[in-house]
> 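The structure under discussion is supplied below as structure tokens; questions concerning it will follow.
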Amino acid sequence: MRVLMLLAAIVAIIASTSTAQDYQDYADGYEQDNLYQDYAMRQQEKVEGGGGNGMVKAIGAFGISYLIGAKVHSGRVTKKMKSKHLKDQKALYTQYYNDVYKLEAQKADQQAVIEQLQAALA
């Protein structure tokens, strides 16, 4: 029993005198970083509503994409409308020139009739 008590006392002395291994002994100039503390602080700010840049970024991205899409689609519509109006304008000018030609021909015919009637009266 004495041997068991002696052995227990030796184990207790060794356990109390030995210290945990300190990893700073092997750091060789490496400073302790606070990466986890920064992460925890940001997460806490998100929970509290402090870091609301996500909504601003989403609204900004939506606005920019909307403007780019509007520019592209309005360019397409403008191109289609220009070609349509060009065709309509061409048809209108063609009709105008045809009408003017018909009126000139009609005027020439009326002038011929007037000259014939004046010759018959004279």
Side-chain angles (χ1 to χ4, degrees):
M1 183 87 169
R2 279 187 174 197
V3 175
L4 190 57
M5 288 295 268
L6 183 61
L7 188 58
I10 292 173
V11 169
I13 291 172
I14 291 174
S16 67
T17 59
S18 67
T19 59
Q21 187 176 12
D22 188 12
Y23 290 108
Q24 291 299 323
D25 294 341
Y26 303 106
D28 292 333
Y30 176 75
E31 295 295 325
Q32 182 70 24
D33 64 353
N34 55 356
L35 185 63
Y36 179 75
Q37 284 83 9
D38 292 342
Y39 171 76
M41 193 170 19
R42 279 194 219 104
Q43 290 300 321
Q44 187 64 28
E45 286 176 2
K46 285 182 185 178
V47 169
E48 293 173 357
N53 288 339
M55 189 61 132
V56 173
K57 288 179 185 176
I59 291 172
F62 171 76
I64 290 171
S65 64
Y66 179 81
L67 291 175
I68 291 171
K71 181 70 175 168
V72 169
H73 291 297
S74 67
R76 289 180 184 172
V77 170
T78 302
K79 186 176 178 181
K80 286 181 184 179
M81 293 303 289
K82 279 185 179 180
S83 67
K84 179 184 175 191
H85 288 293
L86 185 64
K87 287 179 185 177
D88 291 345
Q89 188 178 19
K90 185 177 179 181
L92 183 66
Y93 283 152
T94 304
Q95 181 67 35
Y96 171 75
Y97 287 127
N98 288 339
D99 289 345
V100 168
Y101 180 76
K102 286 179 185 177
L103 285 173
E104 286 178 355
Q106 196 175 33
K107 182 180 174 184
D109 289 342
Q110 288 175 352
Q111 284 291 340
V113 170
I114 290 173
E115 287 174 4
Q116 286 176 358
L117 290 174
Q118 282 180 351
L121 286 175

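None of these values were measured; they are calculated from a predicted model.
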> If I take atom CD1 from residue I10 and atom CE from residue M5, how far apart are they, to the nearest 0.5 angstrom?
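The distance works out to 12.5 Å.
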> Look up atom CZ in F62 and atom CG in L67, then write down how far apart they are to the nearest 0.5 Å.
9.5 Å
> For the atom pair CD (Q37) and CD (Q44), what is the distance rounded to the nearest 0.5 Å?
14.0 Å
> Mind checking who shares a hydrophobic cluster with V113, ILVMFWY linked at side-chain heavy-atom distances under 4.5 Å?
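Listed partners: L117.
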> With clusters built from Ile, Leu, Val, Met, Phe, Trp and Tyr whose side-chain heavy atoms come within less than 4.5 Å, directly or transitively, what are the remaining members of the cluster of V77, listed by chain and number?
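Members besides V77, by chain and number: M81.
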> Output the distance between atom CD1 (I114) and atom NZ (K107), rounded to the nearest 0.5 Å.
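One finds 10.0 Å between CD1 of I114 and NZ of K107.
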> Between atom NZ of K102 and atom CG of D99, what is the distance when rounded to the nearest 0.5 Å?
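If we round to the nearest 0.5 Å, K102:NZ and D99:CG are 6.5 Å apart.
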> Working to the nearest 0.5 Å, report the span between OH of Y93 and CG of D88.
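One gets 12.0 Å once the value is rounded to the nearest 0.5 Å.
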> Please tabulate, for side-chain N and O atoms in residues 68-75, each donor-acceptor pair with protein atoms closer than 3.5 Å (sequence neighbours left out).
residue, atom, partner, partner atom, Å
S74, OG, A70, O, 2.8
S74, OG, K71, O, 3.1

